[in-house]
Amino acid sequence: MVNYWLMKSEPHVYSWAQLVKDGSTHWDGVRNYQARNIMRDEMALGDKVLFYHSNCKPPHVAGIARVCREAYPDFTAQDIYSKYFDPRASPDNPRWMMVDIEPVSELETIRLPDLRANGALDGMPLLRKGQRLSVQSVSEEHFQIVCAMGGISKI
DNA sequence: GCCAACGTTGGC
DNA sequence: GCCAACGTTGGC
C-alpha cells in the first residue's frame, strides 16, 4: 500500500531544483521526534511525497517525490563537523533517522494561499494554524487534489 | 523583523 | 511528573 506525505524544505537550504539535479537525496537533519517516528515507522519504499518549500514567499509545493530508501541512521548526527551534530547519538543509538527520496514529477507551483483557498483541502494538516511538523501525512484524496492543482491529473 | 505556536530542557 | 524558561519554526 502506498502512503502519502509532505516534506518541508527551505529552498535556500535544499530546493526541489537541487533534488532534480542530484537525482536523489538523503533527508538529513530532521531533529523532531514526531517527524523521525514517521520516517522510521511509517514511510515505505514507493510512498509519494509532496515536496514543499517553506520559509519563502510565498511558501509552495514544488514537486512530487518518492521514497527510494527506507529509514536508516542519519549519519550527520554523529558528525562533529555537521550543524546537525547531536552528542547523544552513537553507532549503538543513532537516535535520528532519515530516508532517501527521488523526484517523480515537477508541478506547476502551488502557493500556500491557493491551497488555503481550496475548500476541498479543508482539514489538511499543513493548513492548520501553528503546524510546524516538517514531515507530515497527507490523505490520498488531498494528495490527488494538490497534484491536480499542479497540473498532474493522476499519479 | 515580528511573533504565535509548539517542542525541548531541566530544576524542583 | 510538573511546568517555567527557552529555542525553533515558519507564516505573515
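We name chains A, B, ... by the order of the sequence lines, and we start the count at 1 in each one.
- Each of Y33(A) and K129(A) was matched to the nucleotide of DNA chain B holding its nearest heavy atom; the match closer to the 5' end belongs to K129(A).
- D47(A) places a side-chain N or O within 3.5 Å of a backbone atom of N3(A) that can act as its donor or acceptor partner.
- Atom pair E10(A):CD and dT9(C):C1' shows a separation of 8 Å (rounding to whole Å applied).
- With a 6.0 Å radius and a threshold of 12 heavy atoms from other residues, nucleotides or ligands, Q34(A) has its CD atom at or below the threshold.
- Look at CG on L133(A): it is 13 Å from C1' on dT8(C), rounded to the nearest Å.
- Side-chain N/O atoms of R116(A) include one lying less than 4.0 angstrom from OP1 or OP2 on dC12(C).
- Pairing each heavy atom of D86(A) with each of W96(A), the nearest pair is OD2-NE1, 2.8 Å.
- The distance from atom CG of N32(A) to atom P of dT9(C) is 10 Å, rounded to the nearest whole Å.
- A heavy-atom distance below 4.5 Å is found between the side chains of L127(A) and L112(A).
- One can place CD of Q131(A) at 8 Å from P of dC6(B), the figure rounded to the nearest angstrom.
- Atom CG in D86(A) sits roughly 18 Å away from atom P in dG7(B) (whole-Å rounding).
- Projected onto DNA chain B by closest heavy-atom contact, K57(A) and Q34(A) fall at different nucleotides, the more 5' of which corresponds to K57(A).
- Between Q136(A) atom CD and dG10(C) atom C1' there is a gap of 12 Å when expressed in whole angstrom units.
- Distance from the side chain of L112(A) is smallest to dG11(C) among dG10(C), dG11(C), dG7(B).
- Taking atom CG of residue N37(A) and atom C1' of nucleotide dG7(B), one finds them 14 Å apart after rounding to whole Å.
- dG7(C) atom P lies 14 Å from atom CZ of R132(A), rounded to whole Å.
- Contact annotation for R88(A): backbone-only contact, meaning every heavy-atom pair under 4.0 Å involves sugar-phosphate atoms and none involves a base.
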